[in-house]
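Everything on this sheet refers to the single structure shown next.
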Amino acid sequence: MSTSDWPRVKELFQATLDQPADDRPAYLERACGPDLALRQNVESLLAAYDAANGVFERAAAELSTPGPTGRVIGAYRIERELGHGGMGTVYLASRADAAFDKQVAIKIVNAALAPHDLVRRFQSERQILASLDHPNIARLLDGG
């Protein structure tokens, strides 16, 4: 596919997604006519989209929902986001009960994006962090 074909492929991909799933093959046949390369490119995008199993919609929904700033988890109130990655987001939190001053980092894993092995990966990360003891490495206070 040349770069000049991309606008047409993108347009057909979007239009095909708007069709009911059962009507998509007939729609593509009409829209692409004899251009098999065009149809194959659109079908390839559709297959990748379907294989993603809704991850795009979930990610978009998560971006539109308010974050957990202000939420209390255990004895800690989330203040702000520190960073995010493949497994989730890390937040700065402080003691919410004013029993004493303490700041911690809380990681909230994103179960919607990687449900199949997320728990195993999180438990492994938690165990590694629990075994480390160095002044320049965060200590694990709790995990679950």
Does any non-hydrogen side-chain atom of [Y] lie less than 4.5 Å from one of [X]?
| X | Y | value |
| --- | --- | --- |
| L92 | Q103 | yes |
| S94 | Y76 | no |
| Q40 | V42 | no |

Exercise for the section: Check for a donor-acceptor pair, side chain of D23 on one end and backbone N or O of Q19 on the other, with a separation under 3.5 Å. Expected result: no

Practice task
Please answer whether the main-chain N or O of A93 pairs with a side-chain N or O of R77 as donor and acceptor at a distance below 3.5 Å.
Solution key: no

Exercise for the section: Can you see which heavy atom on P68 is nearest to which on I108, and at what distance? Expected result: CG-CD1, 4.1 Å

Exercise for the section: Please report the shortest heavy-atom distance between G74 and V72, naming the atom on each side. Expected result: O-CG1, 3.3 Å

Practice task
Could you walk me through whether R24 and L17 pass the side-chain contact (heavy atoms from CB on, under 4.5 Å) test, one step at a time?
Solution key: CA-CA 8 Å; R24 289 177 182 172; L17 282 179; 4.0 Å; yes

As an exercise, state the distance from [atom1] of [X] to [atom2] of [Y], rounded to the nearest 0.5 Å.
| X | Y | atom1 | atom2 | answer |
| --- | --- | --- | --- | --- |
| E43 | R39 | CD | CZ | 4.5 Å |
| L38 | R8 | CG | CZ | 6.0 Å |
| L12 | L46 | CG | CG | 9.5 Å |
| F13 | N41 | CZ | CG | 12.0 Å |
| I106 | I73 | CD1 | CD1 | 5.0 Å |
| Y91 | E79 | OH | CD | 13.5 Å |

Problem - In one Ile/Leu/Val/Met/Phe/Trp/Tyr side-chain cluster, 4.5 Å: I78, V104 - result: yes

Problem - Heavy atoms of other groups near R71 CZ, more than 12 under 6.0 Å - result: no

Practice task
Decide if atom CG of D97 counts as having more than 12 heavy atoms of other residues, nucleotides or ligands within a radius under 6.0 Å.
Solution key: yes

Problem - From CA spacing to verdict: side-chain contact (heavy atoms from CB on, under 4.5 Å), T89, K107 - result: CA-CA 6 Å; T89 306; K107 177 183 269 189; over 6 Å; no

